[in-house]
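Contents: one structure, followed by commentary.
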Amino acid sequence: MAAPDIVVTGIGAFSPLGANAQDTWTALLAGESGARTLPYPWVEELQLPVTFAATTKVDPTEVLDRIEAKRLDRGAQLALLAARDAWADAGAPDVDPTRLGVDWATGIGGVWTLLSAWDTLKEKGPRRVPPMTVPMLMPNAAAAAIEMEFKARAGARTVVSACASSNEAIGNALDHLRLGYADVIIAGGTEACVHALPLAAFAQMQALSKRNDEPALASRPYDAGRDGFVLGEGAAALILEREDHARARGARIYARLLGGAVTSDAFHISAPDPDPGGSVPRTMRLALEDAGMSVGDVAHINAHATSTPVGDIAEYKSMRAVFGAHLDDVVVSATKAATGHLLGGAGAIEAVFTVKALHERVAPPTINLSDPDPEIPLDVATSPRPLPDGDLVAVSNSFGFGGHNAVTVFATV
């Protein structure tokens, strides 16, 4: 029996660019940056070398009710809001709870809860540690919150594979729908670790941009002057559905999810595999094979493109190894220039952008690219770029510490 076709019927986000998917997309097309100077007193008190990040445009506690906010770590707060946005956008599908699943992701989990509870323990003793600390800090807390919100009983799974996490979760959802585990799945990812410790740690790795005087210009993928990524926070969600189920309920369909693939480098805990014939290009080839597509079918790529000197070149070489001369005909967007790097939430927000690009036939801009690196000859959209008529195929790339690679392939309806 042929596997069912899987479609996207809802999108949601809570991001540095907006409190929902549509506002986020509008700000992205307008060339806005979500990077901003941090207002926290500990930035100056601890003399952090990096004083900015791409924090959410709206504080989630301003949207959630008081009890919800109190019982959820910030990452789970963002996840729940993104899932609600996607669910409403999909028309609140009427689905048997035993046929509704969750495939979610995070890279780090409840770091704010963990570090805050540690401070409380040291300063006030064990009796003052909040009793909900463990349920709030565990990496599956966001998936659990979404599962309980929507009464999803077909499984609530959590992927933790660094910056590839949510793209891997979307690929898992594709498999789970194909295998018949569910009719509808809420898939995506979240991250909220703009905290002193992760900032200091990433800075020690020389991974972060240090453009403290111009945060909005700091994330600049493919630019010769790029000096590291901008730490971001946020969440995004897709409502993925068997096409027959979506058609039966008269759902609006944004795009098809055609394929996905996951591989691992087995090379280094933090450095990308420099081999242009290694695991990264293999992931792209496997994803296209799973989608039943060839390299010549692809019109658009939402690249991982973090704005690090080494990472951007490594990904380019891998794309060139896969697509060859056809890469010159592919419009590339590097949207972390606007959102910063959402780590475990990056693949999800970029999947939303890929779906919107196909649905509206426009590739979003890559801001801050003023001096293109001559070692990365790509056709990068620096302003909203119309995509051609006809059937379109797009690829979304995600790669993470530990050598985790995840690629998904989408197409127009």
Side-chain angles (χ1 to χ4, degrees), residues 9-28 30 32-40 53-93 102 104-113 116 130 132 135-152 156 158 166 186-195 231-239 338-340 342-346 348-353 356:
T9 57
I11 55 173
F14 200 92
S15 80
L17 296 178
N20 55 59
Q22 185 55 52
D23 287 353
T24 295
W25 176 249
T26 299
L28 179 68
E32 294 183 21
S33 169
R36 46 189 66 91
T37 299
L38 294 170
Y40 306 120
T55 52
T56 55
K57 195 169 190 177
V58 176
D59 189 326
T61 61
E62 296 177 7
V63 183
L64 295 165
D65 69 40
R66 186 179 64 85
I67 298 299
E68 287 177 327
K70 185 176 182 180
R71 292 181 176 177
L72 296 173
D73 178 82
R74 187 176 178 91
Q77 293 173 3
L78 303 177
L80 185 57
L81 290 167
R84 285 175 176 171
D85 185 33
W87 191 256
D89 186 53
V102 177
W104 205 256
T106 185
I108 294 178
V111 66
W112 272 93
T113 294
S116 176
M132 288 292 289
M136 290 172 65
L137 68 83
M138 60 191 190
N140 64 309
I146 295 168
E147 160 222 322
M148 291 185 284
E149 170 86 2
F150 298 103
K151 310 302 181 187
T158 299
S166 51
I186 305 167
T190 189
E191 205 74 86
C193 64
V194 181
H195 183 284
L231 185 60
E233 65 175 4
L238 302 179
I239 305 301
T339 64
L342 273 59
L343 306 183
I349 192 74
E350 288 154 22
V352 166
F353 295 155
K356 287 289 281 183

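As a basis for the values below, the full set of heavy atoms in this structure was taken, side chains included, without hydrogen atoms, waters or symmetry mates. Not measured: the values here are computed from a predicted model.
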Original post:
Do other residues, nucleotides or ligands put more than 12 heavy atoms under 6.0 Å from the CZ atom of Arg71?
Top reply: no

Please report the shortest heavy-atom distance between [X] and [Y], naming the atom on each side.
X: Gly10; Y: Asp89; answer: CA-OD2, 3.5 Å
X: Ala79; Y: Ile146; answer: O-CD1, 4.0 Å
X: Ala83; Y: Ile186; answer: CB-CG2, 4.2 Å
X: Gly344; Y: Ser166; answer: O-OG, 2.9 Å
X: Pro60; Y: Gln77; answer: CG-OE1, 3.3 Å
X: Ala54; Y: Pro16; answer: O-CG, 3.3 Å

Original post:
Mind checking whether Ile108 and Glu191 have side chains closer than 4.5 Å, heavy atoms only?
Top reply: yes

Subject >> pair Asp85-Phe14: side-chain heavy atoms closer than 4.5 Å >> reply: no

Nearest-0.5 Å distance that lies between atom [atom1] in [X] and atom [atom2] in [Y]:
X: Ile11; Y: Ile239; atom1: CD1; atom2: CD1; answer: 10.5 Å
X: Leu80; Y: Glu68; atom1: CG; atom2: CD; answer: 6.0 Å
X: Leu238; Y: Thr9; atom1: CG; atom2: OG1; answer: 9.0 Å
X: Tyr40; Y: His195; atom1: OH; atom2: NE2; answer: 9.5 Å
X: Leu342; Y: Cys193; atom1: CG; atom2: SG; answer: 9.0 Å
X: Trp104; Y: Thr158; atom1: CH2; atom2: OG1; answer: 10.0 Å

Original post:
For residues 64-89, which residue pairs qualify under ring-ring contact (aromatic ring centres under 6.0 Å, His included), counting only residues two or more places apart or in two chains?
Top reply: Trp87-Phe150

**OP:** Using the test side-chain hydrogen bond (donor to acceptor under 3.5 Å, both in side chains), find all partners of Thr61 that sit at least two apart in sequence or belong to another chain.
**Re:** Asp59

Original post:
Taking only residues two or more places apart in sequence, or in another chain, which ones meet Thr113 in a side-chain hydrogen bond (donor to acceptor under 3.5 Å, both in side chains)?
Top reply: Asp73

Subject >> Residue pairs fulfilling side chain to side chain donor-acceptor pair (under 3.5 Å) with at least one residue in residues 13-23, sequence neighbours excluded >> reply: Ser15-Thr24, Asn20-Asp23, Gln22-Thr26, Gln22-Lys356

**OP:** Provide the full list of side chain to side chain donor-acceptor pair (under 3.5 Å) pairs with a residue in residues 136-150, sequence neighbours left out, each pair given once.
**Re:** Arg84-Glu149

Original post:
What do the steps show when you test Leu17 against Lys57 for side-chain contact (heavy atoms from CB on, under 4.5 Å), and what is the final call?
Top reply: CA-CA 6 Å; Leu17 296 178; Lys57 195 169 190 177; 5.6 Å; no

**OP:** For Glu233, check salt bridge (Lys or Arg N to Asp or Glu O under 4.0 Å) against everything at least two apart and list the hits.
**Re:** Arg74

Original post:
Aromatic rings Trp25 and Phe353: how do their planes relate, parallel, tilted or perpendicular, breaks at 30° and 60°?
Top reply: tilted

